[in-house]
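Have a look at the structure below, then the notes.
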Amino acid sequence: MTALPADFYARPVLEVAPDLIGCTVEHGETAGVIVETEAYHESEPACHAYVGLTARTETLFGEPGRAYVYRSYGIHALLNAVCEPVGVGAAVLIRALAPLTGTELMRARRGLDGLAGHAAAGSGSLDRELCSGPGKLTQALGIELDENGTSLASGPVRIGARAGEWREPQVVAGSRIGISRAVELRWRFCATGDPNVSRPRP
DNA sequence: CATGGGATTGACT
DNA sequence: GTCAATCCCATGC
């Protein structure tokens with residue numbers, strides 16, 4: 001896998017977010033293709049960086065091309081790619097993946113291994129429960145809070161360029177999910193028709 | 001120092 | 001459709 005260089009992320013977050021659709025996320029023995037992202041920028045109130053530089057947002061304002069991982073609702077770890085130059089708080093939330101490798105391990109981490117007995121007809125439909133949400137994919141890949149701030153080019157979590165069938169994905173924009181402010185911005189990007197995109201589908 | 005609110009998910013009515 | 005689980009940290013006293 002060819003990891004994306006830091007300058008890929010040192011651009012406007014609204015360019016990076018759709019460009020990440022079709023790229024590959026890899027962590028240990030598990031990997032998947034990004035099929036859904038959302039952009040966040042310090043200029044709008046849904047972004048954590050809106051409040052300015054704090055202990056929580058330090059990573060967001062730091063070097064582009066690093067992972068911003070935080071805990072949501074006390075339960076889930078959410079994975080973001082930090083964008084734009086140092087000093088600008090912006091990131092792309094990785095919301096869903098198409099599972100690529102290590103699906104057995106993903107099933108085990110997600111607590112779905114017991115259902116594999118449905119096998120023949122069911123394995124394909126089970127796969128779409130593995131990474132079809134921002135909290136689900138970090139659980140499936142085993143990404144934890146201590147990976148906050150690590151490099152997406154050379155760290156434990158790596159993002160690679162588009163390849164093969166994902167060279168020219170069709171991308172559709174929609175409204176971001178699960179936020180209460182700046183809901184009018186259509187800063188959510190999904191691979192058209194992919195079954196791993198979380199609900200509601202645009 | 002106490003409080004409240006999430007960039008969610010899964011279970012239940 | 002509703003609702004609780006559960007932790008980090010920003011904010012306010």
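First the proteins, then the strands, lettered A, B, ... as listed; each starts at 1.
Between R66(A) and E147(A) there is no salt bridge, since no side-chain N of the basic residue sits under 4.0 Å from a carboxylate O of the acidic one. E84(A) and R11(A) are not joined by a salt bridge, as no carboxylate oxygen comes within less than 4.0 angstrom of a charged side-chain nitrogen. Looking at E129(A) and R110(A), no side-chain N of the basic residue comes within less than 4.0 Å of a carboxylate O on the acidic one, giving no salt bridge. Of the charged side-chain nitrogens involved, none lies within less than 4.0 Å of a carboxylate oxygen, so that R176(A) and E38(A) do not count as a salt-bridged pair.
Among the protein residues, R95(A) comes within range of the sugar-phosphate backbone only, with heavy atoms under 4.0 Å from sugar or phosphate atoms but none that close to a base. Across all strands, R188(A) comes closer than 4.0 Å to no nucleic acid atom at all (heavy-atom distances).
The minimum heavy-atom distance linking T57(A) with G52(A) is given by the pair OG1-O, 2.8 Å.
Around CD of E58(A), the count of heavy atoms belonging to other residues, nucleotides or ligands within 6.0 Å does not exceed 12. Around atom CD of E184(A), more than 12 heavy atoms belonging to other residues, nucleotides or ligands sit under 6.0 Å away.
Between K136(A) atom NZ and dA7(B) atom C1' the separation is 16 Å, expressed in whole Å. Rounded to a whole Å, the CH2 atom of W187(A) is 15 Å from the P atom of dA7(B). Here dT9(B) presents its C1' atom at 11 Å from CD of E129(A), a figure rounded to the nearest Å. Rounding to whole angstrom units, CD1 of residue I143(A) and P of dA7(B) are separated by 19 Å. Counting to the nearest Å, the P atom of dG5(B) and the CZ atom of R181(A) are 12 Å from each other.
Of all the residues in residues 40-59 of chain A, Y40(A), A46(A), H48(A) reach under 4.0 Å from DNA chain B with at least one non-hydrogen atom. Contacts between residues 74-91 of chain A and DNA chain C, defined by a heavy-atom separation below 4.0 Å, involve G74(A), I75(A), listed by number.
Protein chain A contacts DNA chain C over a range whose 5' and 3' limits, counting nucleotides with an atom under 4.0 angstrom from a non-hydrogen atom, are dA5(C) to dT11(C).
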Are S132(A) and N196(A) close enough, and set up right, to give a side-chain hydrogen bond (donor to acceptor under 3.5 Å, both in side chains), and what steps lead you there?
-> CA-CA 5 Å; S132(A) 55; N196(A) 296 284; 6.0 Å; no

Apply ring pair (Phe, Tyr, Trp, His ring centres under 6.0 Å) to the pair Y70(A) and H48(A), showing each step before the final yes or no.
-> CA-CA 10 Å; Y70(A) 73 96; H48(A) 291 169; 4.6 Å; yes

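The side chain of R71(A) places no N or O atom within less than 4.0 Å of a non-bridging phosphate oxygen (OP1 or OP2) of dT9(B).
Taking atom C1' in both dC3(C) and dG5(B), one finds a spacing of 16 Å when rounded to whole Å.
Side-chain heavy atoms closer than 4.5 Å link hydrophobic residues (I, L, V, M, F, W, Y) into clusters, and following such links, even through other members, never connects L53(A) to V51(A).
Distances from the side chain of L93(A) to the nucleotides dT9(B), dG6(B), dA7(B) place dA7(B) closest.
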Each base of DNA chain B marked ( ) or [ ] if paired in-strand (Watson-Crick or G-U under 3.5 Å), | if paired to another strand and . if unpaired gives ||||||.|||||.

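The base of dA7(B) sits within donor-acceptor range of the side chain of Y70(A), with an N or O pair under 3.5 Å.
Taking the ring centre of Y68(A) as origin, the terminal cationic atom of R56(A) falls outside the region bounded by 6.0 Å and 45° from the ring axis.
With sequence neighbours excluded, the residues that form a side-chain contact (heavy atoms from CB on, under 4.5 Å) with V183(A) are I179(A).
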Protein-nucleotides 11-13 of chain B N/O pairs closer than 3.5 Å?
none

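Taken from SG in C190(A) to CD1 in I21(A), the straight-line distance is 6.5 Å, to the nearest 0.5 Å.
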